[in-house]
Amino acid sequence: MTERLVAEQISELGSAPVPGSGLAALQGEVISRASFGAGVTTLSPETASSPLPPGLAARLLAESLAGSWPPIEAPALWIEVLRRDTASSALVATGMEVFGDQPWPDAPRGVFAFRHDWAEPLVERLEWQTAVTRLASGNESRHALRRVPRRLLTYQVGHARQADALVADWLADHLGQKALWPLPQYAVPLTAACARGAEALPVTATDAARFGPLAADLRLRFYGVRGWDGDERWILIIALDGWQIAQLSDVESDLLWLTQPLARAAAVGSTVMPLVWGKALEPADLTQWVPGMAGGSVHAQLQPAPPPDPDFLGDPWLDGLPVWPDGNWREDPAATAQATITRQDLSPADPWVRRDDPWPTTTFQRRYLAAGAEEIERWRARLWRTQGRLKAFWLPDGLAPVLRVTAEADPEDGFLRVTGEDISAFWHRPAGALILHPDGSRQHALTATCHRDQGGVLVLRSGLEAPVPAGSRVLRLARCRLDHDAVELHWHTPTLVEIAITARQLPEPRGNDRVLYVGY
């Protein structure tokens, strides 16, 4: 025969161990290659590799190479490799639910389904960004670099369930990736048990704005930033026997309607929380308490929250600026006066110095406690209105002594008869004033200077809204702005929030700021 019938055939098989053998290394290699001119309709190389149970191999290497050559005419090509999973990779259903790898079929994202430990506050951080430039006249030029604040949430885990020890494993799989994060500060309990297949969840009274969309498609419109009108709203239901998620179709005051029937039954008292997209950008600092239990804090950056209703805030206005209430004096309010001095002459005889900031640089530290849903929403509106260091407000400074009105003042009068020690030393600058009447009512006015005339006279720069009776108290207001762009809300409970701020006193407008240009 002059022609070969077999072009090329290579078959190689490594030695397979017998059940009782112990090898340091096991190598199995299968090479499959079709010859030139082979016409096949289907090519399915399949390799199954699994060591026998008695085999003791410290190293197992299985390799399968299958490549088709150009002469092969195959309409379909299947390459399948079967591998037997080990026992450790067979996760049970409970483990899959804890990790939350499959919240729903069309969006395989993780769900942070761990309870927040309310023994420590839930910290919500809002971050604006403002460019502040001090002018030569002492005034400030402020520009908003970020109109919508970033929102970061710090969860405390470790004391609620033993499953919290899986937080480290969950973060290892979802760190830096989009996941669904709950909002524990807006949690509501179920008022009645819900069976499987229920289409609505009865809950306590809540606000529909808290159950917003998952993501925000923000756009700068003519009337401001818009984009919180998405239609996908999801919730997390945590019960004693597990957790599940559901999609909302409509939200009423005490009823949550679902788009699909409830997958599992939920007992009365189960917690329902809204979900939003977010990312864990920082590794968690966890502490191992006992075997099986770990605790620590988890930081996540969430989708920005929708702005509050601007008509909800009813703060009084004075000279175009809102008046903020005073802080909680039970804590540690402080006022700091700072200044920058440059030494021009370093001789020890008579050094010459220069003040680089000849304007007030006083800062006020205040701490506020907001109790109730309405008060919390009012404070959110205040913070959104100031936008960090951008806009100003009036704040009781607490430095000047409180004055007491000695004679009744008419609205047409331009002064108040007051009494107090060293009043001219503290009330000599133009500022605002809060007038507290004996009956509990209050009004505001702009003040000029205070001088001694039959006891003391406080000159007003604005008119009075109502008569001021004798015995009223007068508190000085300082024109301030926030000294920082980041504001932290410490949620002690879903109805109690603690806010700590630092306000910087602004200089009195001077120069061109005092000139009003009116068209002729």
Side-chain angles (χ1 to χ4, degrees), residues 91-118 122 124 151-158 160-190 194 196 201 203 210-216 230-249 251 256 258-267 270-284 286 294-305:
L91 296 178
V92 295
T94 304
M96 294 297 292
E97 288 183 355
V98 169
F99 286 128
D101 292 332
Q102 300 288 338
W104 62 87
D106 56 345
R109 299 292 185 182
V111 181
F112 188 78
F114 299 94
R115 292 180 182 269
H116 171 70
D117 178 26
W118 286 104
L122 176 72
E124 181 180 4
R151 180 168 60 161
L152 295 95
L153 218 60
T154 302
Y155 301 84
Q156 298 292 336
V157 295
R161 298 179 303 175
Q162 289 188 354
D164 291 345
L166 297 175
V167 172
D169 295 339
W170 190 92
L171 290 177
D173 297 337
H174 301 89
L175 189 64
Q177 300 179 359
K178 290 182 62 177
L180 293 176
W181 296 80
L183 302 179
Q185 67 270 31
Y186 299 142
V188 291
L190 290 179
C194 297
R196 178 181 179 182
L201 303 178
V203 296
R210 297 182 174 181
F211 292 85
L214 288 179
D231 54 352
E232 288 193 9
R233 293 175 294 178
W234 291 78
I235 58 174
L236 173 65
I237 307 173
I238 297 182
L240 295 178
D241 56 349
W243 62 271
Q244 58 181 321
I245 65 173
Q247 187 177 4
L248 297 180
S249 61
V251 179
L256 303 178
L258 307 178
T259 57
Q260 299 292 335
L262 195 62
R264 294 200 308 265
S270 300
T271 305
V272 180
M273 293 178 287
L275 292 173
V276 294
W277 287 118
K279 289 183 179 181
L281 303 180
E282 299 179 2
L286 303 177
S297 58
V298 180
H299 309 278
Q301 180 177 345
L302 308 181
Q303 289 289 330

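- For the atom pair F211 CZ and M273 CE, the distance stands at 10.0 Å (nearest 0.5 Å).
- Annotation: the span from L214 atom CG to L302 atom CG amounts to 11.5 Å, rounded to 0.5 Å.
- Using a distance-only test at 3.5 Å, with no hydrogens or angles considered, no donor-acceptor pair links the side chain of H299 to the main chain of T154.
- I237 approaches A266 most closely through the heavy-atom pair CG2-CB, 4.2 Å.
- Closest non-hydrogen pair, S249 versus T259, comes out as CB-CG2, 3.5 Å.
- Between R196 and R264, the closest side-chain pair of non-hydrogen atoms is not below 4.5 Å.
- Taking each heavy atom of P283 and L175 in turn, the nearest pair found is N-CD1, 4.3 Å.
- Between H116 and W118, the two ring planes are perpendicular [angle over 60°; tilted spans 30° to 60°].
- Atom CG of L180 sits about 12.5 Å away from atom CD1 of I235, to the nearest 0.5 Å.
- Closest heavy-atom contact between L286 and G296: CD2-CA, 3.8 Å.
- Rounded to the nearest 0.5 angstrom, L153 CG and L122 CG are separated by 4.5 Å.
- Counting only distance, with no hydrogens or angles, the side chain of Y155 and the backbone of P184 share no donor-acceptor pair below 3.5 Å.
- Taking OG of S297 as the start and CG of D117 as the end, the distance is 11.5 Å to the nearest 0.5 Å.
- Considering only residues two or more places apart in sequence or on other chains, R151 meets the salt bridge (charged side-chain N to carboxylate O under 4.0 Å, His left out) condition with E124.
- In this structure, the side chains of R210 and V251 stay at 4.5 Å or more apart for every pair of heavy atoms.
- Put simply, the side chain of Q247 reaches to within 4.5 Å of the side chain of E232, judged on heavy atoms.
- When side chains are defined from C-beta on, V111 counts as touching W243, because their heavy atoms get closer than 4.5 Å.
- The two residues A267 and L190 have their closest heavy-atom pair at O-CD1, 3.7 Å.
- Side-chain N or O atoms of W181 include one that pairs as donor or acceptor with a backbone N or O of G278 at under 3.5 Å.
- Rounding to the nearest 0.5 Å gives a distance of 11.0 Å between CD of Q303 and CG of L183.
- Taking every heavy atom of both residues into account, A113 and I238 meet most closely at O-CD1, 4.4 Å.
- F114 places none of its side-chain heavy atoms less than 4.5 Å from the side chain of V298.
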